[in-house]
Amino acid sequence: MTHDPLPPLRNVIERHDLRARKSLGQNFLLDLNLTSKIARQAGKLTDCDVLEIGPGPGGLTRGLLMEGARKVLAIEKDARCLPALAEISQAYPNRLQVIEGDALDINPLEHLTPPIRVASNLPYNVGTELLIRWLTPKQWPPYWQSLTLMFQREVAQRIVAQAGDKAYGRLAILSQWRCDAQIVVNLPPEAFSPPPKVSSAVVHLTALAEPRFPSDFKTLERVVAMAFNQRRKMLRSSLKSAAPDIEDRLIAAGLKPTERAEQISLEGFCALAREIAKP
Ligand code: SAM
């Protein structure tokens with residue numbers, strides 16, 4: 001059982017008339033035991049500031065605060081949610097800051113003190129874009145220690161996929177090059193109100209101090225994008241425009257020119273990016 005001084009979320013939603021809007025990707029979690037469980041996956045929160053995108057009526061926000069987050073910074077686009085979030089602020093004095101706005105336009109760093117973790121049940125329409133921004137900052141290590149994020153299950157599988165998996169592609173490479181990534185909770189549609197059409201999953205990503213294998217980021221990005229844009233083709237053909245002597249470079253990287261992108265491990269792509277970066 002959880003200990004939370006506030007009314008049940010169903011009551012909050014009714015009282016503030018928070019009917020879910022599809023255009024904002026609103027599928028709310030109403031079970032505080034579940035939101036606490038997700039918050040616990042984010043790691044030790046007591047000495048961290050937590051960034052949450054899209055708190056909605058505050059189910060996960062309450063979970064994060066119950067689990068002891070030093071401070072939660074919540075960015076919410078839907079102004080209708082603000083009165084419900086203000087009640088949470090009152091119940092947890094000085095520990096919740098809410099900013100109304102679009103998470104894509106706001107720099108959260110101005111409001112956070114390290115160490116910082118990110119935990120969110122992301123709106124599906126901006127979820128992947130936010131993840132890519134968090135994974136590709138100008139400097140590494142990034143400002144955050146970990147990301148604990150709810151996605152549609154199919155997106156979560158793309159993040160943790162390994163070479164040979166159907167879901168393996170650019171998102172797996174980007175995620176795993178500089179992070180440990182794993183699915184930590186699976187949720188059926190009925191966990192949400194209203195239930196979405198698909199299942200969901202929470203992914204936990206921990207930032208590594210350094211990339212798993214050395215590689216220049218821009219070259220790796222370019223090679224991976226080219227290889228997966230034509231994932232059914234052999235590398236010697238999909239990467240033809242990367243270098244005139246691509247077959248030699250593939251061999252120098254320890255790869256077979258006849259292999260396809262989905263067969264190449266992260267280590268293999270990094271070796272190839274190093275070969276292609278050579279003059
Ligand atoms: N965290 C709540 C929960 O778990 O019940 C709500 C999650 S709901 C899937 C996504 C939330 O993100 C909604 O409250 C929605 O209004 C908000 N949202 C949608 N687009 C947003 C954006 N661009 N910036 C900030 N919040 C956004």
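One-based numbering, in listed order, for ligands and for the atoms of each. Along the sequence shown, the residues carry numbers beginning at 1. Model, not experiment: these values are computed from the prediction.
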Using modelled atom types and a 3.5 Å cut-off, is there a donor and acceptor pairing between side-chain atoms of S199 and backbone atoms of R153? no
Please confirm whether the backbone N or O of D78 pairs with a side-chain atom of E76, one donor and one acceptor, at under 3.5 Å? yes
Flag for E52-T61: side-chain donor and acceptor within less than 3.5 Å: yes
Hey, could you give me the CD1/CD distance between I159 and Q157, rounded to the nearest 0.5 Å? 10.5 Å
Shortest protein contact, atom 5 (O) of ligand 1 (heavy atom only): L29 N, 2.8 Å
What's the shortest distance from atom 19 (C) of ligand 1 to any protein heavy atom, and which residue and atom give it? L24 O, 3.2 Å
Could you tell me the residue and atom name of the protein heavy atom closest to atom 4 (O) of ligand 1, and the distance to it rounded to 0.1 Å? N121 ND2, 2.7 Å
Nearest-contact summary for atom 24 (N) of ligand 1 - protein heavy atom, Å: A103 N, 2.9 Å
With sequence neighbours excluded, what pairs up with K77 under the salt bridge (charged side-chain N to carboxylate O under 4.0 Å, His left out) test? D102
Backbone N or O of T219 within a donor-acceptor pair of the D216 side chain at under 3.5 Å? yes
Assign the ring pair F269 / F228 to parallel, tilted or perpendicular, where the plane angle (0 to 90°) is split at 30° and 60°. tilted
Taking only non-hydrogen atoms of D78 and a 4.0 Å limit, the atoms of ligand 1 in range are 16 (O)
Check E154 with R158, please: is the shortest side-chain N to carboxylate O separation under 4.0 Å? yes
If you compare G63, P55, G54, A191 by their heavy atoms, the one closest to atom 11 (C) of ligand 1 turns out to be G54
Does ligand 1 come near enough to V126 that some N or O of the ligand is less than 3.5 Å from an N or O of the residue? no
Under a heavy-atom criterion of less than 4.0 Å, does N27 contact ligand 1? yes
When you measure from the side chain of R117 to the backbone of T148, do you find a donor-acceptor pair of N or O atoms at a distance under 3.5 Å? no
Heavy-atom nearest neighbour of atom 23 (N) of ligand 1 within options N125, D102, L85, D31: D102
Regarding atom 8 (S) of ligand 1: of the candidates G25, G56, G101, P123, which has the closest heavy atom? G25
For atom 21 (C) of ligand 1, which of the options R80, E52, K77 provides the nearest non-hydrogen atom? K77
Pull out every atom of ligand 1 sitting under 4.0 Å from any heavy atom of I75, numbered as shown with elements. 25 (C), 26 (N)
closest protein heavy atom to atom 16 (O) of ligand 1 is E76 OE2, 2.6 Å
Residue and atom name of the nearest protein heavy atom (relative to atom 13 (C) of ligand 1), distance in Å to one decimal: Q26 CG, 3.6 Å
